[in-house]
Protein chains: 4
Amino acid sequence: MTSTTTETNERSAARRRVPRQARSRARVEAVLDAAAALVVEHGVEALTTRAIADAAGVPVASLYQYFADKEDVLLALADRDMAEMDEQVLSDLATLPVLTVASVVETTMRAFVTVYHRRPAFVEIWLRGRTNTALHDYGREHNRRIAATLRALALETGLADEGLAEHVALLAVEVGDRCFQLAFEHDAQGDPALVEEGIALVTAYLERHATPAGRTGVPQPGSGEGRP
Amino acid sequence: MTSTTTETNERSAARRRVPRQARSRARVEAVLDAAAALVVEHGVEALTTRAIADAAGVPVASLYQYFADKEDVLLALADRDMAEMDEQVLSDLATLPVLTVASVVETTMRAFVTVYHRRPAFVEIWLRGRTNTALHDYGREHNRRIAATLRALALETGLADEGLAEHVALLAVEVGDRCFQLAFEHDAQGDPALVEEGIALVTAYLERHATPAGRTGVPQPGSGEGRP
Amino acid sequence: MTSTTTETNERSAARRRVPRQARSRARVEAVLDAAAALVVEHGVEALTTRAIADAAGVPVASLYQYFADKEDVLLALADRDMAEMDEQVLSDLATLPVLTVASVVETTMRAFVTVYHRRPAFVEIWLRGRTNTALHDYGREHNRRIAATLRALALETGLADEGLAEHVALLAVEVGDRCFQLAFEHDAQGDPALVEEGIALVTAYLERHATPAGRTGVPQPGSGEGRP
Amino acid sequence: MTSTTTETNERSAARRRVPRQARSRARVEAVLDAAAALVVEHGVEALTTRAIADAAGVPVASLYQYFADKEDVLLALADRDMAEMDEQVLSDLATLPVLTVASVVETTMRAFVTVYHRRPAFVEIWLRGRTNTALHDYGREHNRRIAATLRALALETGLADEGLAEHVALLAVEVGDRCFQLAFEHDAQGDPALVEEGIALVTAYLERHATPAGRTGVPQPGSGEGRP
DNA sequence: AATGAATGAGGATTCATTCAT
DNA sequence: TATGAATGAATCCTCATTCAT
């Protein structure tokens, strides 16, 4: 299995006019942290460049040294947590001795919940901030990437065969995503009942597209010599 | 069975400060038509009071005679089409001689598609306009109402029993909604494959919560003395 | 002879999005007066919307009620004085018992000087403010109009015949304009010697394109029953 | 006759804080070439330090190593072409066997046209870029210098006598300049008719200030032992 | 009921220029 | 000499909404 998303999920190239490498690490992080705090407190819609700059203790103009524009800050924020999300999913899946559609779905979705719990800002940005167009698009795009990765995993391991269309995988991810949005809408911890139902829902759907082995289980591939 | 939503779907009471009766019918319709056209052409985000007023040929200030605020226009627009949606769903369901979870889900979802095809503005507002906070909330609320109605129908007809939790019904509706969002994202007619998958997905999920009769079928209740 | 410019010189229609009639006279004048004062004091380049608004005692937003944008204010300012300029030219020309190229040129150019003396802001805007693109364009356009009007006069009265090309008239006006720019560059009253030279220059040039009568003189047409 | 302008036309001393010698020739030229290209493509107003730096492939900060500030780049650009202009005028004038006011004016003005044709960037900067304050001032200043030089030539050769005031010479140059601005406003090649008229105009004016010999002709001074 | 007029309240960006290294 | 990084300082403009009439 490979990374959930290719590299740390690079945002649309066109957008990133600012050389990421060049960013002064510490200050950039300060800006992101400040933005995250503001988002948790007031929501994505209320975020303004001045608020971020003030909270981070940098001039507004410096924001534009590190980020292409305001939305780029938001996307960087999403990127940061999403990278962690990807890692969590990967490492959790790696612990499974036996893979089934059900166990993969459950493990993946619980990994999401784990990160949501750890990152309140991510809940605000990723689950509740979708009214922001940039985040909306980012969400679609990332879901597409996740779907592709998980589909690849399923094909590699034999949980599914080529008959598993890409749009089916995407639908599963999108739908799981919506379950989380619902579960975390008013509840910072996520309504457990809704999370359970979400897992059941996605599982039920994907089992329809699974191979017999996908339902009964296949051993974790390369158990022992997994790739870095 | 009763109306899919109670009355013509009253938007949050607090919002509607303007007496509906008082509205000068013709002008209100002109405003809504103008807004609908603008939304179809430029999307929900680009809608401004002045644009609406200009397009409708009324002074901006008059908008506030008919609507509480800008978002109220949007909601009225949604209401208008949503009422039609509810009717379509009801009448289509009424034609079913035998109800099953599968047939109810399919009929309902196809009724949605029918209206989406008929109302391009509705696609723009309801499926693509969710970046607007008011519409986002309206969507959640309406989905909740649809879920309640359909759940009531399922309980009445025996497709499901009391064990069918409200949040399960809501999840099904929300998830179906997401399928439509995906299907209509770039395609004004809706990607047929995604629609099919959506139907399959919701059906698979709800059959898990159905009674045996829900899977085999129950006769259309009161077949012969249909509702008004 | 007709008006120097058709109507009060309407600025490019495209620009004027704001209905002039609707403007609350007094406030608009206040804005223009404030802007004029600022221009005289700090020059055209230094003019900002906030400075204008503050000086006029109106909110910045109100500026946009009366004017399409910042440049529109400048153009309105130019319009105001230019209308006066046109009138001065017309009435001064009307007093000439006999018209010659020389007398028309001299009278016209002295009328300009008269208005420049009366309107310091006009000197700043019209003669020194040409670094502003909008004013630059306005200048070209107005010069074109003046040239057309004066050429028409020359043809009507026989000072010149059809051989007087439009671009010749324009060149004469543009060149006279440059003389004024030079004369008033550092001198609020205009360097008299340069003004004289300017008159001589334009006269010498246009006499090359004049009819014999244009050099010897023709009676003021309609002397006695002039047009309204 | 001496150089049209003293040395390579030194821009206002105060401005040039950067030692010319110190400039890394190649990079300086790269910057100027890049700036010239940008000016031709987007006009003077659109020029920014970053655009120049990017196009030239040097860091923005390095610009300040070679030039005092942004406008200094523009002025250096103007200088470069203006030096060529001066040379063209001088060499063209040197070919005249007989000097008259008319031939000097015509030769000079045609030399300008020659260079305008050769240097599109110069047209953009010198003729169309006058909305830039620095260039506006540079223009005035250079015209003054040209006027002084040509007046000196006229006095030396006897085309005019001491009665030819400096401001007369300046007016002639300024007015010729305006003719070019008009001729090249929309036409990269310059409207020939306007150029002709301009020559006629300036000639007609200066002949009023010429000596009889200025009208009939004087031999090219030192024909045979030209200047270095 | 209708509306012309007014405005409060921001908000995102751009850019030339300067230093510390 | 070269330059990556930082930033001070403004600026224009939009828009929803409210009154007085």
Side-chain angles (χ1 to χ4, degrees), chain A residues 17-19 21-28 45-53 57-73, chain B residues 17-19 21-24 27-28 46-53 58-73, chain C residues 17-19 21-28 45-53 57-73, chain D residues 17-19 22-24 27-28 46-53 57-73:
Chain A
R17 289 167 254 161
V18 180
Q21 312 309 64
R23 290 181 189 174
S24 177
R25 266 297 197 186
R27 305 194 90 209
V28 173
E45 301 285 273
L47 207 61
T48 69
T49 53
R50 209 165 65 183
I52 299 173
V58 303
V60 180
S62 290
L63 255 48
Y64 290 84
Q65 183 100 164
Y66 313 136
F67 302 95
D69 53 29
K70 198 186 77 167
E71 311 220 292
D72 195 36
V73 178
Chain B
R17 288 163 253 163
V18 180
Q21 311 310 65
R23 288 181 190 175
S24 172
R27 303 195 94 199
V28 172
L47 207 62
T48 68
T49 52
R50 212 170 64 183
I52 299 174
V58 303
V60 179
S62 293
L63 256 47
Y64 291 84
Q65 204 92 115
Y66 316 135
F67 302 94
D69 54 29
K70 194 187 80 163
E71 314 222 287
D72 194 36
V73 177
Chain C
R17 290 166 252 163
V18 180
Q21 311 311 63
R23 289 181 188 172
S24 175
R25 267 295 196 188
R27 304 194 91 208
V28 173
E45 301 285 273
L47 207 60
T48 69
T49 53
R50 208 166 65 186
I52 300 174
V58 304
V60 178
S62 291
L63 254 48
Y64 289 85
Q65 183 99 167
Y66 313 137
F67 302 96
D69 52 30
K70 196 186 78 165
E71 310 220 293
D72 195 38
V73 178
Chain D
R17 286 163 255 164
V18 181
R23 289 182 189 172
S24 173
R27 303 195 92 201
V28 173
L47 207 62
T48 69
T49 53
R50 211 170 64 184
I52 299 174
V58 302
V60 180
S62 293
L63 255 46
Y64 291 83
Q65 204 92 118
Y66 317 135
F67 301 94
D69 54 29
K70 193 186 81 164
E71 313 223 287
D72 194 37
V73 177

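Naming: A, B, ... by sequence-line order, numbering from 1 per chain.
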field: Separation of atom CG in D/Leu63 from atom P in F/dT3, rounded to whole Å
entry: 11 Å
Between the protein and nucleotides 15-17 of chain F, which nitrogen or oxygen pairs are less than 3.5 angstrom apart?
from: F/dA16; atom 1: OP1; to: B/Lys70; atom 2: NZ; distance (Å): 3.3
from: F/dA16; atom 1: OP2; to: B/Thr49; atom 2: N; distance (Å): 3.1
from: F/dA16; atom 1: OP2; to: B/Thr49; atom 2: OG1; distance (Å): 2.6
from: F/dT17; atom 1: OP2; to: B/Tyr64; atom 2: OH; distance (Å): 3.1
from: F/dT17; atom 1: OP2; to: B/Lys70; atom 2: N; distance (Å): 3.1

message: Applying side-chain contact (heavy atoms from CB on, under 4.5 Å), can you list everything that pairs with B/Ala61, at least two apart in sequence or on another chain?
response: none
message: Counting only side-chain nitrogens and oxygens, does D/Tyr66 get under 4.0 Å of the OP1 or OP2 atom of F/dA2?
response: yes
field: D/Tyr66/D/Val73 under side chain to side chain contact (heavy atoms under 4.5 Å, CB included): CA gap, chis, key distance, verdict
entry: CA-CA 9 Å; D/Tyr66 317 135; D/Val73 177; over 6 Å; no
- line: Between CG of C/Asp72 and P of F/dT14 the distance, given in whole Å, is 13 Å
message: If we check side-chain contact (heavy atoms from CB on, under 4.5 Å) with B/Leu63, which of these qualifies: B/Asp69, B/Asp72, B/Ile52?
response: B/Ile52
- line: When every non-hydrogen atom of A/Lys70 is compared with those of A/Thr49, the smallest separation belongs to CG-CG2, 3.8 Å
- prompt: Taking atom P of E/dA16 as reference, at what distance in whole Å does atom CZ of D/Phe67 sit?
  reply: 15 Å
- prompt: Is any side-chain N or O of C/Ser62 closer than 4.0 Å to OP1 or OP2 of E/dA6?
  reply: no
field: Partners meeting side-chain contact (heavy atoms from CB on, under 4.5 Å) with C/Arg50 (sequence neighbours left out)
entry: C/Thr48, C/Asp54, C/Val60
- line: Nearest heavy-atom contact between A/Pro59 and A/Ala53 is C-CB, 4.0 Å
- prompt: For A/Arg27 and F/dT7, is the shortest distance between a side-chain N/O and OP1 or OP2 below 4.0 Å?
  reply: yes
- request: Check the distance between E/dG4's P and B/Gln65's CD and give it to me in whole angstrom.
  value: 12 Å
Where D/Arg27 and D/Gly57 come nearest, the two heavy atoms and their spacing: NH2-O, 4.4 Å
- prompt: Once you build an axis from the first five pairs and another from the last five of the helix from E/dA2-F/dT21 to E/dT21-F/dA2, how far apart in angle are they, to 10 degrees?
  reply: 10°
